[in-house]
Amino acid sequence: MSADRDPGAVAGAGILDAGSESDAELAFEGALRPKSLGEFVGQTKVRGQLELLLQAAAMQGRSADHILLAGPPGLGKTTLAMIVAHENGRSLRMSSGPAIQHAGDLAALLSSLLPGEVLFIDEIHRMARSAEEMLYLAMEDFRIDIMVGKGAGATSIPLELAPFTLVGATTRSGLLPNPLRDRFGFTAHLEFYDDAELTEVLRRAARLLGMPIDEAALTEIAGRSRGTPRIANRLLRRVRDYALVNAKDADLTSVRAALDLYDVDPLGLDRLDRAVLRAIIDRFDGGPVGLNTLAVSVGEEAETIESVVEPFLVRIGLLSRTPRGRVATKAAWRQFGGRAPQPTLLDDEL
Ligand SMILES: Nc1ncnc2c1ncn2[C@@H]1O[C@H](COP(=O)(O)OP(=O)(O)OP(=O)(O)O)[C@@H](O)[C@H]1O
């Protein structure tokens, strides 16, 4: 996954920010990454669809269709890209939208692909427009046109490419231009994981780490992991640290103490989630408030609010996105601010 993504690079986004990683965390993630579809927990429908797509391609001796993986950070897009390559015995080349700022960057990447390789482009919606146009032809015909010279004397030289499978990942599928979206043979929308699935992710991670931990502790961590395996694994690591330093078992008491220490509340909300909800309630009377105004008021990038914070708050019913802006729901008022104004704006909107 890309370390240069803005949402991940936001300072102070905290332990629950599924996008931010230190080198140690990247190594930790790598060690826990499932290597096959069989090891991949949850996303049952997507797994079945991918399995079929990969099997069909293998039986016909061709590269698999291009795949678009959409969903919030930390749900397993990079992991699935690696699995796509691994399951078909192909090698994986990794890049990211922000690293492709000119058509030439993409031309260099595409022309160096070996037959059948899987090319993973993370945050594909952030690729330069000129590169996007080159990618259309490459995806459809395994060919690109390289422009040589400038102005009236410019000519284009066609270049044949080796057949490849593109796996694109995006946290913002709405930002992808239709011509690009249409060229993917299969789009998977990854959903947040439920508590039982996260408990399974954690059980597997604890086993791989050789970490004794009881079921109640696993369930408690799962419940505070915002439906996100990356966060679940990260919280497990904090609990492991806590148990180690305090010479305690990794049990329910240790989990609660460790996660309270890191300000992860029982719903899994962290500092930034709470700041967003507090701002809507305290400064904007519960909303509606526009995304950019909200982002300025909590000192974060609008993209971080939109792709990291909001999906989970919407999912657990604390925030609503209306045509007029973001609104705190009645549940959010109950959680943070007492009684909602009467009648609530939500009553009009929903
Ligand atoms: N279904 C799963 N089963 C087990 N572990 C998982 C699963 N999905 C993700 N993980 C764990 O979560 C970590 C993060 O996953 P991954 O890097 O694939 O997320 P991502 O969707 O690519 O995130 P980003 O959008 O930030 O790039 C992985 O290291 C892996 O250990």
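Please read these numbers as outputs of a predicted model, since none were measured by experiment. Atoms within each ligand, like the ligands themselves, are counted from 1 in listed order.
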Check your understanding: Ring centres of H66 and F186 under 6.0 Å apart?
Key -> no

Practice item. Apply the salt bridge (Lys or Arg N to Asp or Glu O under 4.0 Å) test between E39 and each candidate in R207, R47, R204; give the one that qualifies. Key: R204

Check your understanding: Do you know the tightest heavy-atom contact between I305 and V298?
Key -> CD1-CG2, 3.7 Å

Point to revise | salt_bridge(D260, R224) N-O dist < 4.0 Å | key: yes

Review point. Heavy-atom contacts under 4.0 Å between L190 and ligand 1: side chain, backbone, both, or neither?
Key: neither

Review point. Could R226 and F192 be counted as a cation-pi pair, given that NZ or CZ must be under 6.0 Å from the ring centre and within 45° of the axis?
Key: no

Point to revise | Electrostatic pair R143:D145 at N-O distance under 4.0 angstrom | key: yes

Practice item. Pick one of side chain, backbone, both or neither for how P73 approaches ligand 1, counting any non-hydrogen atom pair under 4.0 Å. Key: both

**Study point:** Minimum heavy-atom distance between G168 and F184, given as atom pair plus value
**Key:** N-CE2, 3.9 Å

**Study point:** Identified side-chain hydrogen bond (donor to acceptor under 3.5 Å, both in side chains) partner of T170 from the options E123, H125, K77
**Key:** H125

Point to revise | Backbone or side-chain N or O of R204 under 3.5 Å from ligand 1 N or O | key: no

Point to revise | ligand 1 atoms in contact with L75 (distance to a heavy atom under 4.0 Å) | key: 8 (N), 19 (O), 21 (O)

Check your understanding: With sequence neighbours left out, what residues match E133 under salt bridge (Lys or Arg N to Asp or Glu O under 4.0 Å)?
Key -> none

Review point. Could a heavy atom of Q43 be found less than 4.0 Å from some atom of ligand 1?
Key: no

Point to revise | Contact (N/O only, under 3.5 Å) between Y193 and ligand 1 | key: yes

Study note, to complete from the structure: Logged contact type for L32 with ligand 1, heavy-atom cut-off 4.0 Å, is both

**Study point:** Contact check: E123 vs ligand 1, nitrogen or oxygen atoms, below 3.5 angstrom
**Key:** no

Exercise for review: Look at ligand 1 and say whether G42 reaches it with a heavy atom at a distance under 4.0 Å.
Suggested key: no

Check your understanding: Should P72 be counted as touching ligand 1, given the test is an N or O pair under 3.5 Å?
Key -> no

Check your understanding: Mind checking whether G74 has a heavy atom under 4.0 Å from ligand 1?
Key -> yes

Check your understanding: Does ligand 1 have a heavy atom under 4.0 Å from the side chain of N233, from its backbone, from both, or from neither?
Key -> side chain

Check your understanding: N/O to N/O below 3.5 Å, does that happen between E39 and ligand 1?
Key -> no

Exercise for review: Run the numbers for me: atoms of ligand 1, each under 4.0 Å from some heavy atom of P229, listed by number.
Suggested key: 6 (C), 7 (C), 8 (N), 9 (C), 10 (N), 11 (C), 12 (O)

